[in-house]
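Remarks on the structure that follows.
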Amino acid sequence: MTVPRIGAAAAWRDAARELLSRGTPPEHVTWGDDAMARGLFDETPASVQPSEIRVHRSFVSVANSVVWHNDPQRFSRLYHMLWRLQSQPWLIGDRGDPAMAKLRAMEKNVHRCQHKMKAFVRFREIGEPAAPRRSFAAWFEPTHHTVEPTARFFQRRFGDMDWRILTPDVSVFCEGGTLRFDTDRPKPDLPDDAHEDLWVTYFRNIFNPARLKVQAMQSEMPKKYWKNMPEAASIPELISTAPARARAMAQAAPTLPPARMAQVQAMQRRNLSSWGGPISDLPAAIHSCSRCPLHVAATQAVPGEGPTTADLVIVGEQPGDQEDLRGKPFVGPAGQVFDEAAKRAGLDRSTVYITNAVKHFKFVPRGKRRIHQRPNVSEIEHCAWWLDAELKLVSPRLVLAMGTVAAKALTGSEANVSNRRGTVERGRLGSAVLITYHPSYILRLSDKAKRKQAMADLQDDLRLAVQEAEDLDGPNRPDH
Ligand code: URA
């Protein structure tokens with residue numbers, strides 16, 4: 001059975017399918033590429049009924065690579081395996097089967113060869129200066145027959161120019177965006193490339209003598225490719241001078257960071273510091289916040305609300321749709337659940353300071369609706385700047401964290417709130433933090449009994465918060 005060098009994958013597939021449907025066992029087929037033609041196929045009488053051919057998707061993928069391997073037995077190995085798979089389909093995943101393992105190893109070799117081709121082909125410009133499209137040519141000597149399966153990569157990369165890659169085996173030409181393959185082209189005499197110096201300079205610059213690992217470098221860039229790569233001529237010299245250069249680098253004074261680094265450091269210092277204005281300025285400062293991208297889509301930042309002398313601070317997640325529009329915390333559906341629970345727990349909302357861990361509404365638009373998105377850790381940590389300022393200025397006896405985001409912002413821990421609720425933890429800044437459910441969590445519970453229980457738990461926790469805030473010794477509150 002002869003498989004042509006060009007289009008080998010499709011040709012082998014068609015032939016194998018045909019042989020299989022005729023019930024031709026592997027030992028009755030001699031495979032070869034178009035250099036060694038002996039076609040048993042044509043001599044086999046078509047007496048066998050076409051049977052149902054089973055081909056696992058993963059085998060198709062292995063075969064599509066292995067057909068490009070340089071092993072002369074590749075087609076035969078593949079057909080043997082295809083034949084066995086018909087009655088033993090599990091072999092496809094059997095790592096202990098030597099024939100399957102061999103095919104997997106061959107697949108790997110081909111992939112590696114394709115990778116090398118993508119990395120080490122070096123084009124030289126060959127077209128006329130006045131030509132409408134620029135033309136490039138490269139000479140390359142791949143280990144396997146990888147020109148054809150790799151050609152599309154170059155076609156995508158260099159769509160606006162004509163190019164060709166010539167090899168001792170199959171060569172590829174891309175003209176006007178169309179690929180064409182040919183065989184047995186002689187090695188061309190290619191001009192030196194004007195960009196060659198650039199390659200060399202680039203390579204010399206990225207070469208770090210302090211990190212030289214000759215073996216690793218040669219396994220990544222095998223010596224057989226060097227002769228067609230302009231930059232490779234520098235390698236022996238770079239290797240031999242590396243130790244001296246590395247010593248010189250170690251002895252040299254450290255380089256100073258660029259000027260831009262000073263700006264970055266200043267920004268980091270600002271972010272690590274805390275807000276330092278008087279309490280009366282805090283709402284306005286929060287209002288004008290643009291410290292993270294959330295401010296772009298939101299209507300406004302929503303600062304906390306309530307007496308700044310409160311013993312209890314209640315922290316939610318972030319403003320919702322209603323809060324974003326009205327500029328006040330907990331005035332939408334979650335606010336109604338909170339108000340109801342507070343009423344039942346005997347908590348007067350006007351006596352507490354109520355705020356959120358994140359000050360801007362984070363959402364994605366869907367039609368006319370804005371769908372709430374939970375803030376990520378970086379947004380929570382960034383916005384803790386404002387929460388910390390609020391806590392410092394109010395300096396309550398107790399902080400009530402409603403939900404995971406508030407608990408994360410206040411304690412640094414994202415652990416499950418269901419396991420923590422009703423307990424008092426130590427906050428990041430030393431304050432006492434009582435954990436409870438977020439009212440939205442209760443709203444989302446579809447099971448009536450569970451919703452009722454969660455509402456009762458929230459009430460209990462609010463009741464506990466009022467008591468604890470009365471009982472606990474508060475931190476220093478200078479102007480209380
Ligand atoms: N959810 C919150 O966490 N805060 C609000 O202000 C509204 C809904």
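One is the number of the first residue; the rest follow in order along the sequence.
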Tell me yes or no: between the side chains of Lys224 and Thr143, is some donor less than 3.5 Å from an acceptor? yes

Just wondering, more than 12 heavy atoms not from Arg157 lying within 6.0 Å of its CZ? no

Thr411/Arg420 under side-chain hydrogen bond (donor to acceptor under 3.5 Å, both in side chains): CA gap, chis, key distance, verdict: CA-CA 12 Å; Thr411 67; Arg420 299 160 78 190; 3.1 Å; yes

Under the salt bridge (charged side-chain N to carboxylate O under 4.0 Å, His left out) criterion, do Arg122 and Glu231 qualify, and how do the steps go? CA-CA 10 Å; Arg122 296 285 179 267; Glu231 69 271 33; 2.5 Å; yes

Any donor and acceptor pair, going by atom type alone, linking the side chain of Gln459 with main-chain N or O of Ala345 inside 3.5 Å? no

Residue pair Leu312 / Ala469: nearest heavy atoms and the distance that separates them: CB-CB, 4.2 Å

Describe, in one word, how the ring planes of Phe123 and Phe158 are oriented to each other, choosing from parallel (under 30°), tilted (30 to 60°) and perpendicular (over 60°). perpendicular

Minimum-distance pair of heavy atoms, taken over all atoms of Ala401 and Val433: CB-CG1, 3.9 Å

Above 12 or not: heavy atoms from other molecules or residues under 6.0 Å from NZ of Lys108? no

Compare every heavy atom of Pro307 with every heavy atom of Ser350, then report the nearest pair and how far apart it is. O-CD, 3.3 Å

Check the pair Asp321 / His372 against side-chain hydrogen bond (donor to acceptor under 3.5 Å, both in side chains), numbers first and verdict last. CA-CA 8 Å; Asp321 182 82; His372 158 276; over 6 Å; no

Which atom pair, heavy atoms only, marks the closest approach of Glu414 to Thr404? O-CG2, 3.8 Å

How far apart are the closest heavy atoms of Ala334 and Leu443, and which atoms are they? N-CD1, 3.9 Å

Working to the nearest 0.5 Å, report the span between CH2 of Trp68 and SG of Cys113. 12.5 Å

Quick test of your reading of the model: are Glu379 and Lys362 salt-bridged, counting only N-O distances below 4.0 Å? yes

Donor-acceptor pair between Thr146 and His144 side chains, under 3.5 angstrom: no

Salt bridge check: are Asp388 and Arg428 linked by an N-O gap of less than 4.0 Å? yes

Under a 4.0 Å threshold between the charged nitrogen and the carboxylate oxygen, would Glu317 count as salt-bridged to Arg374? no

Evaluate the salt bridge (charged side-chain N to carboxylate O under 4.0 Å, His left out) criterion for residues Asp339 and Arg349: first the C-alpha distance (whole Å), next the side-chain angles of each, then the deciding distance (0.1 Å), finally the verdict. CA-CA 8 Å; Asp339 287 345; Arg349 179 173 167 158; 3.0 Å; yes

Quick one: are Met402 and Tyr441 in side-chain contact, heavy atoms under 4.5 Å? no

Residue Gln215 excluded, over 12 heavy atoms near CD under 6.0 Å: no

Give a yes or no on whether a salt bridge exists between Asp71 and Arg77, defined as a side-chain N under 4.0 angstrom from a carboxylate O. yes

Ser288 side chain to Ala285 main-chain N or O, any donor-acceptor pair under 3.5 Å? yes

Quick check on side-chain hydrogen bond (donor to acceptor under 3.5 Å, both in side chains): which of Glu107, Arg104, His111 does Ser65 satisfy it with? His111

Between the side chains of Asp471 and Gln467, is a donor N or O closer than 3.5 angstrom to an acceptor N or O? no

Could you please spell out the steps behind the side-chain hydrogen bond (donor to acceptor under 3.5 Å, both in side chains) verdict for Glu390 and Tyr353? CA-CA 9 Å; Glu390 289 177 298; Tyr353 186 89; 2.6 Å; yes

Sub-3.5 Å donor-acceptor pair from the side chain of Asp162 to the main-chain atoms of Gly176, do we have one? yes

CG/Leu91 to CE/Met100 distance, rounded to the nearest 0.5 angstrom? 8.5 Å

Scanning both residues in full, the closest heavy-atom pair of Asp324 with Gln300 reads O-NE2, 2.9 Å

Applying side-chain hydrogen bond (donor to acceptor under 3.5 Å, both in side chains), run through Lys359 and Thr355 and close with a yes or a no. CA-CA 8 Å; Lys359 307 299 185 215; Thr355 189; 3.0 Å; yes

Qualifying salt bridge (Lys or Arg N to Asp or Glu O under 4.0 Å) pairs with a residue from residues 87-98, counting only residues at least two apart or across chains: Arg84-Asp97

Using atom types as modelled and distance alone, determine if a side-chain donor or acceptor of Glu323 lies under 3.5 Å from a backbone N or O of Gly320. yes

Are the side chains of Val66 and Val110 in touch, meaning some heavy atoms are under 4.5 Å apart? no

